[in-house]
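Report on the following structure.
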Amino acid sequence: MNIEESIKLIYKAIDDKQGEDIKILKIGNISSLADYFIITSASNERQVKSITDNIEKELEEHGIFVRAKEGTSSSNWILLDYGDYIIHVFKTEDRQFYNLERLWKDAQEITVEAL
């Protein structure tokens, strides 16, 4: 499975658990951290965990395993690092506070349909 197919699978896994305001930022041309950031919001900590669990489950079914995970089941922000892409799942208020989209404003925002 290539990166773009993986991101489509991630997008669907987020959408299946009602993740809000899903953004895909192409950061590979401005950073060596990863090629993409996928950012989404959830209304509470339980939904944050539900979204991240669903992402991990869907990717594991395709033989893709998380390299690093930051945050716990009671966190307002969980980060999943898959190497080529990093997924940020925030509680809505924390996403507004950290505003990664502003910090990475030079990144190209893409739609899942454009992949």
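Values reported hereafter were calculated over all heavy atoms of this structure, with side chains retained and with hydrogens, waters and symmetry mates removed.
Residues Tyr85 and Ser6 meet the side-chain proximity criterion, which asks for heavy atoms closer than 4.5 Å. Counting only heavy atoms from C-beta outward, the side chains of Ile38 and Tyr11 never approach each other to under 4.5 Å. With contacts defined as side-chain heavy-atom distances shorter than 4.5 Å, the pair Leu25/Ile39 qualifies. By the 4.5 Å heavy-atom criterion applied to side chains, Arg95 and Asp21 are counted as neighbours. Side-chain contact between Trp104 and Ile30: present, with at least one pair of heavy atoms (C-beta onward) separated by less than 4.5 Å. Inter-residue side-chain proximity for Asn99 and Leu103 is flagged as unmet; no heavy-atom pair is nearer than 4.5 Å.
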Discussion item. For a side-chain contact (heavy atoms from CB on, under 4.5 Å) check, start with the C-alpha distance between Asn76 and Val48, then their side-chain angles and the critical distance, and finish with the verdict.
Written reply: CA-CA 7 Å; Asn76 295 338; Val48 169; over 6 Å; no
Item to complete: Output, in order, the C-alpha distance, side-chain angles, deciding distance and verdict of salt bridge (Lys or Arg N to Asp or Glu O under 4.0 Å) for Glu56 and Lys69.
Response: CA-CA 10 Å; Glu56 287 183 276; Lys69 182 176 182 178; 2.9 Å; yes
Discussion item. What verdict does the salt bridge (Lys or Arg N to Asp or Glu O under 4.0 Å) test give for Lys57 and Glu61, after you've listed the backbone C-alpha separation in whole Å, the side-chain angles of each residue and the deciding distance to 0.1 Å?
Written reply: CA-CA 6 Å; Lys57 179 181 87 59; Glu61 288 177 3; 3.6 Å; yes
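Although no hydrogens or angles enter the test, the distance criterion places a donor-acceptor pair under 3.5 Å between the side chain of Gln47 and the main chain of Gln18. Of the possible donor and acceptor atoms, none in the side chain of Ser41 sits under 3.5 Å from a partner among the backbone N and O of Lys91. With hydrogens and angles ignored, the 3.5 Å screen pairs a side-chain donor or acceptor of Asn54 with a backbone N or O of Ala13. Side-chain atoms of Ser75 come within 3.5 Å of backbone N or O of Thr72 as a donor-acceptor pair. Not a single donor-acceptor pair under 3.5 Å links the side chain of Glu58 to the backbone N or O of Ile10.
Heavy-atom contacts from other residues, nucleotides or ligands closer than 6.0 Å to NZ of Lys26 number 12 or fewer. Counting heavy atoms of neighbouring residues, nucleotides and ligands inside a 6.0 Å radius, atom CD of Glu93 exceeds 12 of them.
By the rule that hydrophobic residues join a cluster once side-chain heavy atoms approach within less than 4.5 Å of another member, Leu80 and Leu100 end up as members of separate clusters. Leu9 and Ile24 fall within a single hydrophobic cluster, where Ile, Leu, Val, Met, Phe, Trp and Tyr side chains are chained together by heavy-atom contacts under 4.5 Å. Neither Ile7 nor Ile27 shares a network with the other; the hydrophobic side chains, linked directly or stepwise wherever heavy atoms of I, L, V, M, F, W or Y lie under 4.5 Å apart, form separate groups for each. Transitive grouping of hydrophobic side chains (ILVMFWY, heavy atoms separated by less than 4.5 Å) brings Val112 and Tyr82 into a common cluster. Cluster membership for Ile87 and Leu79, using ILVMFWY side-chain heavy atoms within less than 4.5 angstrom, is not shared.
In summary, Glu4 and Lys8 do not engage in a salt bridge, as defined by a charged side-chain N under 4.0 Å from a carboxylate O.
To the nearest 0.5 Å, atoms CG (Leu33) and CG (Asp84) are separated by 12.0 Å. In this structure, Lys17 NZ and Arg46 CZ are separated by 12.5 Å, a value rounded to the nearest 0.5 Å. One finds the CG atom of Asp81 at 8.5 Å from the NE2 atom of His88 (value rounded to the nearest 0.5 Å). For the atom pair Ile55 CD1 and Thr40 OG1, the distance stands at 7.5 Å (nearest 0.5 Å). Note that the CD atom of Glu101 and the CD atom of Gln96 stand 10.0 Å from one another [nearest 0.5 Å]. To the nearest 0.5 Å, the span separating CD1 on Ile51 from CD on Glu20 amounts to 7.5 Å.
Of the listed residues (Trp77, Phe37, Phe97), just one forms a ring-ring contact (aromatic ring centres under 6.0 Å, His included) with Phe90, and that residue is Trp77.
Gly83 and Ala34 get closest at one heavy-atom pair: O-CB, 3.5 Å.
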